[in-house]
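The next block holds one structure in the form of structure tokens; read it before the comments.
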There are 2 protein chains.
Amino acid sequence: MTVTLADVAARAQVSPATVSRVLNGNYPVAASTRERVLRAVDELDYVLNGPASALAAATSDLVGILVNDIADPFFGIMAGAIQSEIGGPGGRAGGERLAVVCNTGGSPERELTYLTLLQRQRAAAVILTGGAIENEAHVSAVAAKLRKLADAGTRVVLCGRPPAPADTDAVALTFDNRGGGRRLTEHLIGLGHRRLGYIAGPEERTTTRHRLEGHRAALAAHGIEDDPRRTVHGRYDRRSGYEATLELLRREPDLTAIVAANDTVALGACAALRDSGLRIPGDVSVAGFDDLPFSIDAVPALTTVRLPLAEAGARAGRIAMSREEPPPGGIATVGGELMVRGSTGAPRP
Amino acid sequence: MTVTLADVAARAQVSPATVSRVLNGNYPVAASTRERVLRAVDELDYVLNGPASALAAATSDLVGILVNDIADPFFGIMAGAIQSEIGGPGGRAGGERLAVVCNTGGSPERELTYLTLLQRQRAAAVILTGGAIENEAHVSAVAAKLRKLADAGTRVVLCGRPPAPADTDAVALTFDNRGGGRRLTEHLIGLGHRRLGYIAGPEERTTTRHRLEGHRAALAAHGIEDDPRRTVHGRYDRRSGYEATLELLRREPDLTAIVAANDTVALGACAALRDSGLRIPGDVSVAGFDDLPFSIDAVPALTTVRLPLAEAGARAGRIAMSREEPPPGGIATVGGELMVRGSTGAPRP
DNA sequence: CTGTTAGCGCGTTCAG
DNA sequence: CTGAACGCGCTAACAG
């Protein structure tokens, strides 16, 4: 029923081994022989059996990409960039590797499950994107998994995530969330703001903590008291930004600025402010983080910290495919750039 | 080095076949035996070899998802919804299927290449999202591929895409782009607009054509001349919307409304209008399509046609997994809902 | 309910 | 440069 290597070999009057060599291009084969083989492949409409070759070769053409939520452009942009770099020559027959995108939804269990599933597939590489969960048990469980993957020959790269324990052999491209958060808040302080609300992401996540630490560092550096009532935790979504803003305004109606965990949350904050009859930035300044594509279309355009998501993803992809040297020590910090736009201004007198 | 089924079998004092049965849960196994096997699996930290079982079973746990661009939430939302429905019980050991996301970038060649790659992987199912390319040669090439996939037992589902030839056995969930486009333009006409600009998507794509046809049908139904100078083609991105808007204004400065191919393009149009000193909707009304999450945060909020992307994706995923009956005839039309918001209003007198 | 027996289709030695 | 032979790790009949 289905065409196999042997069928191609028979038709091309060569041995199966030769066909395999032609297809994988890893061994010298006479030009004329190659011709005949390729013709036979074409005539029979032969398609290599991936599982069979993965079994024999003990490695597959799959690259796992773990994301929190692929519907969120923050992850979509990284995933797309990774994918654009894992194809091309260098792989097995055809050279195209396939991206297995795994939505963890931020759940530790799913993260581990997917890592196991990728291990089962003998993935050529695994790239974990976005912040990590800061639960001790989970961190060590992940580290153990990463170690096993590395032992099995799977390349592990962290993209936008803090480094894993050194013995995991995982390369890390880490976003400078702390520095970005600090510069952002310093920008607001520089404008004259002294009463700043902060909408943080979910607890127990590195991204949340680092951004918040940067914010607090800026406050501390300028002698501004860090009133805990000015910080609210929520999810990384619009609704959370909306509700948190109402809550912040309830607690302290004379806030002059709101710093959001990310752009999506900032958009929700803007909506809440508008619905409360407050003007941006006339009454309250708003700042986001990430600089997702829509941020520039907010009205006023959102002041935020641009993270080079596509560049980082592309680099992670290349490193995963050994097409680029890992950074020295296996760790690189990727900086963010402060984008000052219309949503922040001087506080009302 | 690596633990195999046989190792587990030996430790549990059963045959390899029994271990396989426990892991796949497809055959009755005595509870006590299962216990012993699972314990052995645990103690040895055994992970099934995916390629090996795919080879033996002649089918894998992989589900292919073809998208134009995973960084675009239009596709990200569908991909995420699909993924949420392909896991769960019913599959092989563990029951979790993996989503292979393939970015075609709208290129016909890449589309075919990815279909071949998925065929090679013996994917359990393939879901093609978004509009199709309307090139005769390509359409038949894709149909041929889909037929082969179906023959090999791969379930094929089209999500947000017009039906393929009936003999491909592909189930299609098609968006009613024509109807949505028509209602949108009728809404504008109803407000009193007579000079409407249209920013279409790339040529040779079903989505572009259908939305445009709906627009024209509305014009025709109301006796409004369809001046070709009022239509500009571009890509489905913000920049394209920006430039097309400037071009439309150059051609006909007294347009009172602009209909965009999708929300992203509409955002670009809004930016161009603002930069041109025109107010929305006071001077020019703007409408989009899709109702992506950010559309409600545009200022003014975007009038658009909501497509139930998540619902359609989820349904496509269930159909692909045979967890839901395909629609009668294998074809279902998914309607859009007109969302009237602040970006459209009566034209200036 | 469980063990035995054959492959699944390919990559990779090792000879030639 | 090419062929022969073996085994990758698992599932699927078939018996029992």
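Below, chain A is the first sequence line, B the second, and so on; all start at residue 1.
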Before accepting this row, confirm whether a basic side-chain N of the pair A:E134/A:R205 lies closer than 4.0 Å to the acidic partner's carboxylate O. no
Establish whether the base of C:dG9 is bridged to the side chain of B:R122 by a donor-acceptor pair shorter than 3.5 Å. no
For the pair made of CG in B:N49 and P in C:dC8, what is the distance, rounded to whole Å? 18 Å
CG of A:D7 versus P of C:dG9: gap in Å, rounded? 9 Å
So does A:E311 pair up with A:R318, basic N to acidic O under 4.0 Å? no
A:N26 has an atom CG; how far is it from atom C1' of C:dG11, in whole Å? 10 Å
Taking the basic N atoms (NZ, or NE/NH1/NH2) and the acidic carboxylate oxygens, is any pair closer than 4.0 Å for A:R110 and B:E96? yes
With a 4.0 Å limit, can you tell me whether A:T4 has a side-chain N or O closer than that to the phosphate oxygens OP1/OP2 of C:dG9? no
Between B:A17 and B:L55, name the one whose nearest nucleotide on DNA chain C is closer to the 5' end. B:A17
Quick check on D:dG3: is either OP1 or OP2 less than 4.0 Å from any side-chain nitrogen or oxygen of A:T18? yes
Looking at A:E324 and A:R155, is any side-chain nitrogen of the basic one under 4.0 Å from a carboxylate oxygen of the acidic one? no
Rounded interatomic separation in angstrom, taking CG from A:N24 and C1' from C:dG11: 8 Å
Presence of A:T33 side-chain N/O under 4.0 Å of D:dT2 phosphate oxygens OP1/OP2: yes
A:L5 side chain: which of C:dG11, D:dT2, D:dT11 is closest? C:dG11
